[in-house]
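One structure is given here, and the rest of the page talks about it.
Remember, it's 1-based here, ligands and their atoms both numbered in the order they're listed.
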Amino acid sequence: MAKIIGGIGASHSPTIAYAKDTNKGADVAWKPIFDDFAVLQKWVHEQKVNVMFLIFNDHITSFFFDHYSPFTLGVDDSYITADEGGGARDYPAAKGHKALSQHIAQSMMNAEFDLSTFQKKPLDHGFFSPFSMIAPEVDGAYWNGTVVPLQVGVLQFPAPTAKRCYQFGKALRKAIQSFPDDDMRVAIVATGGLSHQVHGERCGFNDEAWDNKFLDALELDPEELTKMTHAQYATKGGFEGAEVIMWLIMRGALSDKVNKVHRSTYLPSMTNIATVIYEDTEDTNAVIVDPNLTHQLDGLEKLEGTYPFTLERSHKAYRLNLFLRNLSNQIHRERFLADKEALMSECQLTDEEKDMIRELKWIEMIRYGAIFFGLEKLSAVLGKSNPEIYACMRGETMEQFQASRKVSMTYSVGKK
Ligand code: FE
C-alpha cells in the first residue's frame, strides 16, 4: 500500500516563482525564500518522495465563477503552467498520477465527499509557484515524481469550512493508504498563507504573532483550528490569508502526532512566507483497508451492452467528447456543416475518431468512450432523431426499434 511520508506547508505567493525565474538567490532580500524552500527540496529528495498530493487554490486563471466548486481533484496525466496575463512560465509540465487520482476520487465519493474533477486545465501560481521550488532538481534534471492536485474553492463564499477541510484530510489519508503500490511514498503539500491581505484599504495587513500561534496549533492541536470561522481567520490573518484553512487538509491527512522537522517564516513585503515539514509517525502497514472503499461500481461489469462513463473513459475520449459537445456552439456547428473534414483536422481528431463521426458509427463511438449526450448533439445537427441512434446501437431497423416501444415516437434535442 502507498505510504504517507509526511506533510509540507508552503506559501504560494507569486513572489516565490518570480524569485526562482529571475535567479534572485544571491540577493539579500530574496535569499531567505531560497534557503527555506531548499530545506523542503532536500527533504523530498532524501525521503524519496515520489508523489506529491498538492493542495492549492486557483486565482481565477483556470477556474471561474461560471462553475465554482469547493473541492476539485485533478485527474489528468499532465499539468502545464498557466498564462496569468504575462505569458506562461517556462517550467516543464508536472506529471500527473492518473491511477492514484482515480482511486482517490472513488474513495472520497465513497466517504461521502462529493468531489468534482478536472482535466486539461493549466495551473497557475497557486500550484506552480511552490511546486517549482519544492520539487528537487538534481544535477540539472527536473524531479521525476508525479502529482495529484486538489483545487479548493476559497475565493467565493460560501467556501468549505476549516472543519470540513480537516475532515477531508482524514478521508484523504484512508484513500491514499489504500492505494495498492508498496513503492509509493507520498507527501501531502498544502499551499497558501500565511497572513496577508491584497485587496481593499486593509491591503498590506499582516500579523506574525498570529501566524506563529497558527503554526503551533497546526502541529499540536489542529482540532482547535477547526472551530474558527472564515471571518475569524480573515480578522486574524487577513482576508486572503484565510486560505490557510487548506493547510488543515494536509494536517488531517497526517497521523495525530507528527514530528516537526522544519518550520520557518519570512515576511519581506505583503505575505508572511512560511514553510513547514511534518513527518508522519504511524506505520502504514498497521492500517486496515476498508474493503468497501470501491464498491459502488462493483458488479456493473456483468451488465452487457453498458459502458459506465468512468474517469478512465472520460480521459481517453476527452477530445472526441469535446468535439461533440462543442456542436452546441453555433460557430463550431456551422463550420462542421460547411466543412467537417477541415474542422475535425483542426481539432486534432485521430483517423479513427474522424471515421466514426463521418460514418455515424454510433455504437463504435460509445464503445470508444463517447458519452451518449454528445451523440444526440451530432444527430440533432444532422437533422436526425434520437430513436435513429437507439435503433442503430441495438443493431435494429427503425421499424424494429419502434415496434419494441409502447408508443412510436420520434424526437431529438434539435430546435425542430
Ligand atoms: Fe492564494
### Message
For Y18, does the six-membered ring have the charged nitrogen or CZ of K24 within the cation-pi criterion, i.e. under 6.0 angstrom from the centroid and within 45° of the normal?
### Response
no
### Task
Report the residue from H315, K98, K95 that forms a side-chain hydrogen bond (donor to acceptor under 3.5 Å, both in side chains) with D77.
H315
### Message
Can you see whether F214 has K236 sitting over its ring - NZ or CZ less than 6.0 Å from the centre and within 45° of the normal?
### Response
no
### Query
Hey, would you say the F179 and H103 ring centroids sit under 6.0 Å apart?
yes
### Task
Report yes or no: does E240 have an N/O/S atom closer than 2.8 Å to the Fe ion (ligand 1)?
no
### Summary
Which atom of E243 is nearest the Fe ion (ligand 1), counting N, O or S only? It is OE1
### Query
Vertex the Fe ion (ligand 1): angle to NE2 of H12 and NE2 of H59, to 10°?
100°
